[in-house]
*Asks:* 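Before I ask anything, let me first share the structure, which is written out below as structure tokens.
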There are 2 protein chains.
Amino acid sequence: MGAMKSSADATMAASRALLGHVARSLQGALEHVTLPQYRALVVLAAAGPQRMGALADTLGVHPSTLTRTVERLVAGDFVTREAAPDNRREVVIALAPAGEALVADAMARRRDSVAATLERLSPDEREAVRRGMELYAAAAEEPGAPDLLTLGM
Amino acid sequence: MGAMKSSADATMAASRALLGHVARSLQGALEHVTLPQYRALVVLAAAGPQRMGALADTLGVHPSTLTRTVERLVAGDFVTREAAPDNRREVVIALAPAGEALVADAMARRRDSVAATLERLSPDEREAVRRGMELYAAAAEEPGAPDLLTLGM
DNA sequence: TGCAACAGTTGCACCCTAGCAAGTATTGGA
DNA sequence: TCCAATACTTGCTAGGGTGCAACTGTTGCA
């Protein structure tokens, strides 16, 4: 009876903790770029260099909106923008080192805080966490890219 | 050796799944209010009616910024704003029904999608998830309010 | 009573996102 | 070769968020 409820409660509690990790990991990045800008960096980090059109589609924004966003990211040296080699009307955006670092750092910070949390557990407990998390991740539908992007992944 | 790493990996994977739930649960709310506005609603839902000053402190924004934000929330009937009964220079903000519903709906949707995921597991597996999640939540430092607020909780 | 501290609001300036419409350059096919 | 489709940019408009400084009303103490 209460079995479902209590696992749901526990999962919600854990989700708050995990959310905290994500949020903190984002905090640093958001001092340098806005959330929409960061979302663009995340897409580039995940999918590699992109044409403007493809990027706009993935982000779900109007091409003209992306033009300005990219403009700012270029100004901040987070991405590069150059004409495609084979097609001069296409523009390819790629992560610049600073942009790469921004995303990588956030990822690393997130992973570190998860690891730090796990470190407080005994090996047995850690194993229990691993199994629980694995089961949950397997049971969950893979969240779509657009979903994750809402929160900057 | 790899024990820590694999639990960390599993946890990161689960965190992506949970993030997906959170993001989807927020999607509906963000069609009606902006993220900063939603953050205010979350604080009010969690801590009850607040003075402007207290709310601004919690949200970490300038009082004048909060004035406009609240202005918009009042216009949308998401909150009420009235002078404190005992002190006429203080202004108390409280959730209006629509605001309450907005937050409650997001919470409910999130909980539903977690429950739906758990439903795909056997009772034994569910129990393993419960235990893992509980252990993780207990080991994690309680994420501070400001952290959670970054992502709209 | 009067004045300083307090709680919010308003004016101002600035930046960012966002979409639409029009414009430009490029490409590819008729 | 020429014209339409494509890919992106630019001009325009609008709405938010944000902080600072100045202002208003209120309170509380000397």
Side-chain angles (χ1 to χ4, degrees), chain A residues 26-27 29-44 49-76 78-94 99 102 146 149-152, chain B residues 26-27 29-44 49-76 78-94 99 102 146 149-152:
Chain A
L26 245 46
Q27 226 111 78
L30 295 183
E31 281 168 24
H32 298 99
V33 298
T34 64
L35 189 59
Q37 286 166 17
Y38 185 75
R39 297 192 335 135
L41 298 183
V42 167
V43 172
L44 292 170
Q50 303 265 321
R51 288 187 312 102
M52 287 292 289
L55 194 48
D57 277 356
T58 306
L59 293 170
V61 299
H62 197 276
S64 67
T65 297
L66 186 59
T67 296
R68 334 284 174 148
T69 299
V70 165
E71 205 169 284
R72 285 165 193 131
L73 287 172
V74 169
F78 297 108
V79 304
T80 61
R81 165 170 56 179
E82 48 187 42
D86 54 320
N87 188 331
R88 300 203 314 161
R89 76 181 155 184
E90 293 180 349
V91 175
V92 175
I93 313 300
L102 208 65
L149 278 174
T150 302
L151 299 181
Chain B
L26 245 45
Q27 226 110 76
L30 294 183
E31 281 168 23
H32 298 99
V33 297
T34 65
L35 189 58
Q37 286 166 17
Y38 186 75
R39 298 192 335 136
L41 297 183
V42 167
V43 172
L44 292 171
Q50 303 266 321
R51 287 188 314 102
M52 288 291 290
L55 194 48
D57 277 357
T58 305
L59 293 170
V61 299
H62 196 276
S64 67
T65 298
L66 186 60
T67 295
R68 336 283 174 149
T69 299
V70 165
E71 204 170 287
R72 284 163 195 134
L73 288 172
V74 169
F78 296 109
V79 303
T80 61
R81 166 171 53 179
E82 48 186 44
D86 55 322
N87 188 331
R88 300 205 315 163
R89 77 181 154 185
E90 293 181 350
V91 174
V92 175
I93 312 301
L102 207 66
L149 279 174
T150 301
L151 298 181

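Here is the naming used below: chain letters follow the sequence lines, and residue numbers restart at 1 for every chain.
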*Asks:* Select one nucleotide: of dT17(C), dT9(C), dT18(D), the one nearest the side-chain heavy atoms of V61(B).
*Replies:* dT18(D)
*Asks:* Looking at dC6(C), does its base get a donor-acceptor pair with the side chain of R89(B) below 3.5 Å?
*Replies:* yes
*Asks:* To the nearest Å, give me how far apart CD (E31(A)) and C1' (dC15(C)) are.
*Replies:* 17 Å
*Asks:* Hey, does H32(B) have a side-chain heavy atom less than 4.5 Å from the side chain of L102(B)?
*Replies:* yes
*Asks:* Between T58(B) and A54(B), is there a donor-acceptor pair closer than 3.5 Å when you use the side chain of the first and the backbone of the second?
*Replies:* yes
*Asks:* Can you measure D86(B) atom CG to dA7(C) atom P for me and round it to whole angstrom units?
*Replies:* 13 Å
*Asks:* V42(B) versus Y38(B): any side-chain heavy-atom pair under 4.5 Å?
*Replies:* yes
*Asks:* Would the distance check show the side chain of R88(A) and the main-chain N or O of A84(A) forming a donor-acceptor pair, the cut-off being under 3.5 Å?
*Replies:* no
*Asks:* In whole Å, I'd like the distance from the CG atom of D57(B) to the P atom of dC6(C).
*Replies:* 14 Å
*Asks:* Using atom CG of L66(B) as one end and atom P of dC20(D) as the other, report the distance to the nearest whole Å.
*Replies:* 15 Å
*Asks:* Is a donor-acceptor contact shorter than 3.5 angstrom present between the side chain of R68(B) and the base of dG11(C)?
*Replies:* yes
*Asks:* For L59(A) and dC8(D), what is the distance between atoms CG and P respectively, to the nearest whole Å?
*Replies:* 13 Å
*Asks:* Ignoring hydrogens and angles, tell me if any N or O in the side chain of E71(B) forms a donor-acceptor pair with the backbone of R68(B) under 3.5 Å.
*Replies:* no
*Asks:* Is R72(A) near enough to dC15(C) that one of its side-chain N or O atoms lies under 4.0 angstrom from OP1 or OP2?
*Replies:* no
*Asks:* Would you mind reading off the distance between M52(A) atom CE and dT26(C) atom P, rounded to a whole angstrom?
*Replies:* 17 Å
*Asks:* For H62(A) and dA22(C), what is the distance between atoms NE2 and P respectively, to the nearest whole Å?
*Replies:* 12 Å
*Asks:* Please give the angle, rounded to 10 degrees, between the axes at the start and the end of the helix from dT1(C)-dA30(D) to dA30(C)-dT1(D), where five pairs define each axis.
*Replies:* 10°
*Asks:* If you check the Q37(B) side chain, which of dG16(D), dC8(D), dT18(D) turns out closest?
*Replies:* dG16(D)
*Asks:* Does S64(B) make a side-chain donor-acceptor contact with the base of dC20(D), cut-off 3.5 Å?
*Replies:* yes
*Asks:* Checking contacts here: which listed nucleotide (dC8(D), dT10(D), dT26(D)) is nearest the side-chain heavy atoms of E71(A)?
*Replies:* dT10(D)
*Asks:* Between R39(A) (side chain only) and L59(A) (backbone N and O only), is there a donor and an acceptor less than 3.5 Å apart?
*Replies:* yes
*Asks:* Please confirm whether the backbone N or O of P63(A) pairs with a side-chain atom of T67(A), one donor and one acceptor, at under 3.5 Å?
*Replies:* yes
*Asks:* Would you mind telling me which of dT10(D), dT17(C), dG17(D) lies closest to the side-chain atoms of T34(A)?
*Replies:* dT17(C)
*Asks:* Nearest to the side chain of R88(A), heavy atoms from C-beta on, is which of dA7(C), dT26(D), dT27(C)?
*Replies:* dT27(C)
*Asks:* For R51(A) and dT26(C), what is the distance between atoms CZ and P respectively, to the nearest whole Å?
*Replies:* 17 Å
*Asks:* On the nucleotide dT18(D), are OP1 or OP2 found under 4.0 Å from the side-chain N or O atoms that T65(B) carries?
*Replies:* no
*Asks:* Report yes if at least one side-chain N or O of R81(B) is closer than 4.0 Å to OP1 or OP2 of dT9(C); otherwise report no.
*Replies:* yes
*Asks:* Applying the side chain to side chain contact (heavy atoms under 4.5 Å, CB included) test to V91(A), which of E82(A), Q50(A), R51(A), M52(A) qualifies?
*Replies:* M52(A)
